[in-house]
Structures are given as C-alpha cells and as structure tokens.
Amino acid sequence: MAQALSPFDREHRYVIEPRPYDHPDVRRLTGELYLEQLARYGFADAPDDPADDFTPPQGLFLVAYAEGHPCACGGIRTYEPGVAEIKKMYVAPTFRGQGLARRILTKLEHAAQTNGARRIILETGSRNTEALALYARAGYRPIPAYRERDSTINRALAKDITPPQHEECAQ
C-alpha cells in the first residue's frame, strides 16, 4: 500500500517555472483547459491570448511540473495601470486537491504586487465551484463584470493588494 505524502513532500514534489505563453507545455495545458470549459459550459474562450500579454514585466505565465510532467498553469497580465488580471488557471484532474492552484495563485499575486499592481481581477465560471472556493479563501470578492459577459455563467472577482513597501536608505 502506498503511503500518503506529507504536506512537505507534496509541496516539494512540484516545481513551478515561468514559461513563455507560446511554450509547448503552456499550449498543452491551456488546450486542456479549453476542452474542459467546452464540456462544462458548451463554449469557451480560445487559448489564443497574445503571448506578449504574459511576458515580464507586464505579465507572467507559470507552469507546475510533477516529475517533469506539466500538470498545472496560470498567468497574470496587466489589465490597466495598477490592475493585474489572472488568466488561464488550470490544474490537470489527476493533480487536483494538492494545493497547486493555491501555490500558483500566490506566486502570481506576488508578481503583480512586485510590479506595482494595487488590484487583481479575474473571471471564472459560475459552475466552477472549486475555483470559486479557492478565490474566496484567497480573499477575492465578487465585483460587477468588467467585460461583457453573461452574469449567469461568469463571475468577476477582485482582490485589493498593497504594493511592497521599499525601505528608504538611511543617510
């Protein structure tokens, strides 16, 4: 019988790496996300966002790997000055429930904060109860739609953040 991994072992089993949005692992995972959304809602946004949106410093795209296998992803991009948008959060089904989405979200929030964002926004589907719970636990709250979307299907959420304080050098 296999022994369950401790929280420490689970967390250190995964490696999270920045990747260009046109990287094959990103394309694979965002393609899986697209197919899952099609199955859940009957339609989905194609994963054809401009790669430059996720290029530092205006954005970042992360891929999580388990023993070299891409298993989760998420990105952040500048929506407008001071506002960053989370996009394409996805965890492959066999890797869910292990804290990967939370780890990716934390890293994306840190990147947004470091880049001077004061607010992070995102959209997720109303039937994606797992994502809605993750975002609520992370401090995201419902906001009015910031795009023309069907509010019975899409939920817009936001979290206000404080840019890091830089200590001034003593003279």
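Just the heavy atoms: all of them, side chains too, but no hydrogens, waters or symmetry mates, feed the values below.
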Give the C-alpha distance, both sets of side-chain angles, the deciding distance and a yes or no for side chain to side chain contact (heavy atoms under 4.5 Å, CB included) between Phe43 and Gln37.
CA-CA 7 Å; Phe43 63 92; Gln37 289 175 330; over 6 Å; no
Candidate pair Leu108 and Lys87, rule side chain to side chain contact (heavy atoms under 4.5 Å, CB included), full reasoning
CA-CA 10 Å; Leu108 294 174; Lys87 296 286 289 181; over 6 Å; no
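Two residues are said to be in side-chain contact when any heavy atoms from C-beta on lie closer than 4.5 Å; Arg118 and Asp160 fail this criterion. Using a 4.5 Å heavy-atom threshold, the side chains of Arg155 and Pro142 count as separate. At least one side-chain heavy atom of Cys73 sits under 4.5 Å from a side-chain heavy atom of Phe61. In this structure, the side chains of Val83 and Ile120 stay at 4.5 Å or more apart for every pair of heavy atoms.
In this structure, Glu80 CD and Glu85 CD are separated by 10.0 Å, a value rounded to the nearest 0.5 Å. A distance of 12.0 Å separates OH of Tyr79 from CG of Asp53, quoted to the nearest 0.5 Å. Atom-to-atom distance recorded for Tyr14:OH and Arg103:CZ is 9.0 Å, nearest 0.5 angstrom. Residue Arg102 holds its CZ atom at 9.0 Å from CE of Met89, rounded to the nearest 0.5 Å. The CD atom of Glu32 sits 14.0 Å away from atom CZ of Arg27, with the distance rounded to the nearest 0.5 Å. For the atom pair Ile76 CD1 and Leu122 CG, the distance stands at 9.0 Å (nearest 0.5 Å).
In summary, the side chains of His110 and Thr106 do not present any donor paired with an acceptor at a separation below 3.5 Å, with no hydrogens or angles considered. A side-chain donor from one of Arg19 and Tyr65 sits under 3.5 Å from a side-chain acceptor of the other.
Of the possible polar contacts, one joining the Arg127 side chain to the Arg40 backbone as a donor-acceptor pair under 3.5 Å is found. At distances below 3.5 Å, not a single donor-acceptor pair connects side-chain atoms of Lys159 with backbone N or O atoms of Ile121. Using a distance-only test at 3.5 Å, with no hydrogens or angles considered, no donor-acceptor pair links the side chain of Ser126 to the main chain of Asn154.
Under the 4.0 Å criterion applied to side-chain N and carboxylate O atoms, Glu36 and Arg96 are assigned as salt-bridge partners. With respect to Asp49 and Lys88, a salt bridge is recorded, a charged nitrogen being found less than 4.0 Å from a carboxylate O. Here Glu123 pairs with Arg147 in a salt bridge; the nearest charged N to carboxylate O distance falls below 4.0 Å. Contact check on Arg77 versus Asp52 returns no salt bridge, with no Lys/Arg side-chain nitrogen under 4.0 Å from an Asp/Glu carboxylate oxygen.
Taking hydrophobic clusters as Ile, Leu, Val, Met, Phe, Trp and Tyr residues chained together by side-chain heavy-atom distances below 4.5 Å, Leu29 shares a cluster with Tyr21. Put simply, Tyr90 and Phe54 are part of the same group of oily side chains (I, L, V, M, F, W, Y) that touch within less than 4.5 Å, one to the next. In the hydrophobic clustering of this structure, Leu132 groups with Leu134; members are Ile, Leu, Val, Met, Phe, Trp, Tyr whose side-chain heavy atoms approach within less than 4.5 Å, directly or through other members. When the side chains of ILVMFWY residues are joined at heavy-atom separations under 4.5 Å, either directly or via intervening members, Tyr135 and Ile104 end up in a single hydrophobic cluster. Placement of Leu60 and Val26 in two distinct hydrophobic clusters is found when ILVMFWY residues are connected by side-chain heavy-atom separations under 4.5 Å, directly or transitively.
Residues Leu100 and Cys71 come closest through the heavy atom pair CD1-SG, 3.8 Å.
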